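To start, the structure under review is shown below, and the notes come after it.
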Amino acid sequence: MSNVTAISLFTFFVLGLLALDLGVFRRSRWPPSFRGALLMSALWVSLALAFNLGIYFWRGPQPAIEFLTGYILELSLSLDNLFVFALTLTYAAVPPEDQHKVLFWGVLGALVSRGIFIVAGVELVGHFQWILYLFGFFLVLSGLSLLRKKEKQIRPEGNPSLRLARKLFSITETFEGPLLFVRRNGRLKATPLFLVLVMIETTDVLMAVDSIPAVLAVTRDPFIVFTSNVFAVLGLRSLYFVLARALMKFRYLHIGLSLVLVFIGTIMLGAHFYKPPTWATLAVICSIVSMTILASLAKQEGGEGQTPASRE
């Protein structure tokens, strides 16, 4: 089976899962409970691992370990997306009952944009091998830049896509439930929820610029790159409702993600001399992310355990 056929079949499979999720599991407008979101997150992870097992029996152990490494890498980098989701939805004061819907369309748009990036990235690397060094240099710079950022901020006035949307459409003053567009006096107007969606999509495109070159350091197989990305993105909505509050406690996570980007970028820059085995790359990524999350939780518990007098 060719990569094109496999990717096409996989795409139809994913669209079916999304339709099932939206049409059957999520008929209610209200956000899922913590337990429900946790179960859905576990389901998406289980599907990814089952798919990984299928790759093992279909293509062998090396593609399977590449998929697992790409999946964990993309899932780790996607945690940064969740920070932005939380900040954006809070900044825009999106009603709780409409958050799930806008995240659904955000994830769907992310799948399309990442598909385009993956095709472009694989084609560029296939024709110009030297571009891997450019990707590596870019990832190192991105990692160092992320390391310097102490906190994220939402600046809608600096978003060119948002400015364009405001020029193209009249915007209603209030949210109109889950609707992105409404018709008023025969005129089509966008709702504030549409502007939130534009902000989320724009942010994901910018983050895909980091994540796609990163997974290309693990494998250049278009099928593995695409499927690992898709499974990482699919679980973001449910994971958001599980980690939305806890994310703010992961104060050192940005350090871990920056180290991951620098590590992957260094691998790409030194690929001509030495490329570590995929399992070693997976072990390093898991270790970095795990240690920064554990350090964040330990810092949080230590801070909560102090009395006001001891802090002074």
Side-chain angles (χ1 to χ4, degrees), residues 1-27 32-79 81-82 100 103-104 106-108 110-112 114-115 118-119 122 204 208 211-212 214-243 260 277-287 289-290 293:
M1 184 186 297
S2 67
N3 277 324
V4 175
T5 302
I7 290 176
S8 299
L9 292 175
F10 178 77
T11 301
F12 283 115
F13 170 70
V14 169
L15 292 176
L17 289 177
L18 289 174
L20 188 65
D21 181 19
L22 188 65
V24 178
F25 298 127
R26 290 297 309 154
R27 289 184 176 180
S33 63
F34 176 82
R35 182 181 178 184
L38 190 62
L39 288 174
M40 285 302 298
S41 297
L43 177 61
W44 287 119
V45 172
S46 299
L47 282 173
L49 295 179
F51 187 82
N52 189 32
L53 187 62
I55 290 179
Y56 177 84
F57 288 111
W58 174 33
R59 291 195 170 187
Q62 183 59 30
I65 191 66
E66 289 177 354
F67 172 87
L68 184 60
T69 305
Y71 172 67
I72 293 179
L73 172 62
E74 294 301 320
L75 195 60
S76 301
L77 295 178
S78 293
L79 290 177
N81 290 45
L82 297 184
H100 188 276
L103 289 177
F104 173 84
V107 167
L108 193 61
L111 294 177
V112 174
R114 285 169 186 256
I118 288 169
V119 171
V122 171
D204 185 79
S211 63
I212 302 304
V215 76
L216 288 175
V218 176
T219 177
R220 293 174 220 169
D221 185 331
F223 181 73
I224 302 297
V225 174
F226 182 70
T227 53
S228 60
N229 254 270
V230 167
F231 271 113
V233 171
L234 282 175
L236 280 186
R237 273 180 312 129
S238 300
L239 202 58
Y240 168 80
F241 290 105
V242 173
L243 298 178
V260 167
T278 308
W279 64 264
T281 302
L282 175 60
V284 171
I285 293 171
C286 290
S287 299
V289 176
S290 299
I293 289 178

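Since the structure is predicted, the reported quantities are computational estimates derived from the model, not experimental observations.
With values rounded to the nearest 0.5 angstrom, I72 atom CD1 is found 10.0 Å from F67 atom CZ. To the nearest 0.5 Å, the span separating CG on L234 from CG on L47 amounts to 9.0 Å. Here the CD1-CG distance, from I212 to N229, works out to 4.0 Å after rounding to the nearest 0.5 Å. Note that the CG atom of D221 and the CG atom of L216 stand 11.0 Å from one another [nearest 0.5 Å]. Taken from CD1 in I118 to CD1 in I224, the straight-line distance is 11.5 Å, to the nearest 0.5 Å. Interatomic distance, CG of L49 versus CG of L68, reported as 7.0 Å (0.5 Å rounding).
Remark: F231 engages F10, F51 in a ring pair (Phe, Tyr, Trp, His ring centres under 6.0 Å) (not counting sequence neighbours). Here T219 pairs with E66 under the side chain to side chain donor-acceptor pair (under 3.5 Å) rule; sequence neighbours left out. Residues that satisfy the side chain to side chain donor-acceptor pair (under 3.5 Å) test with T278, not counting sequence neighbours, are Q62.
Closest non-hydrogen pair, V289 versus S76, comes out as CG2-OG, 3.7 Å. The two residues S228 and E74 make their nearest non-hydrogen contact at O-CB, 4.4 Å. Residues G70 and V218 share a closest heavy-atom pair of N-CG1, 4.3 Å. Smallest separation of non-hydrogen atoms from Y71 and A48: CZ-CB, 3.6 Å.
Put simply, the side chain of T281 reaches to within 4.5 Å of the side chain of I285, judged on heavy atoms.
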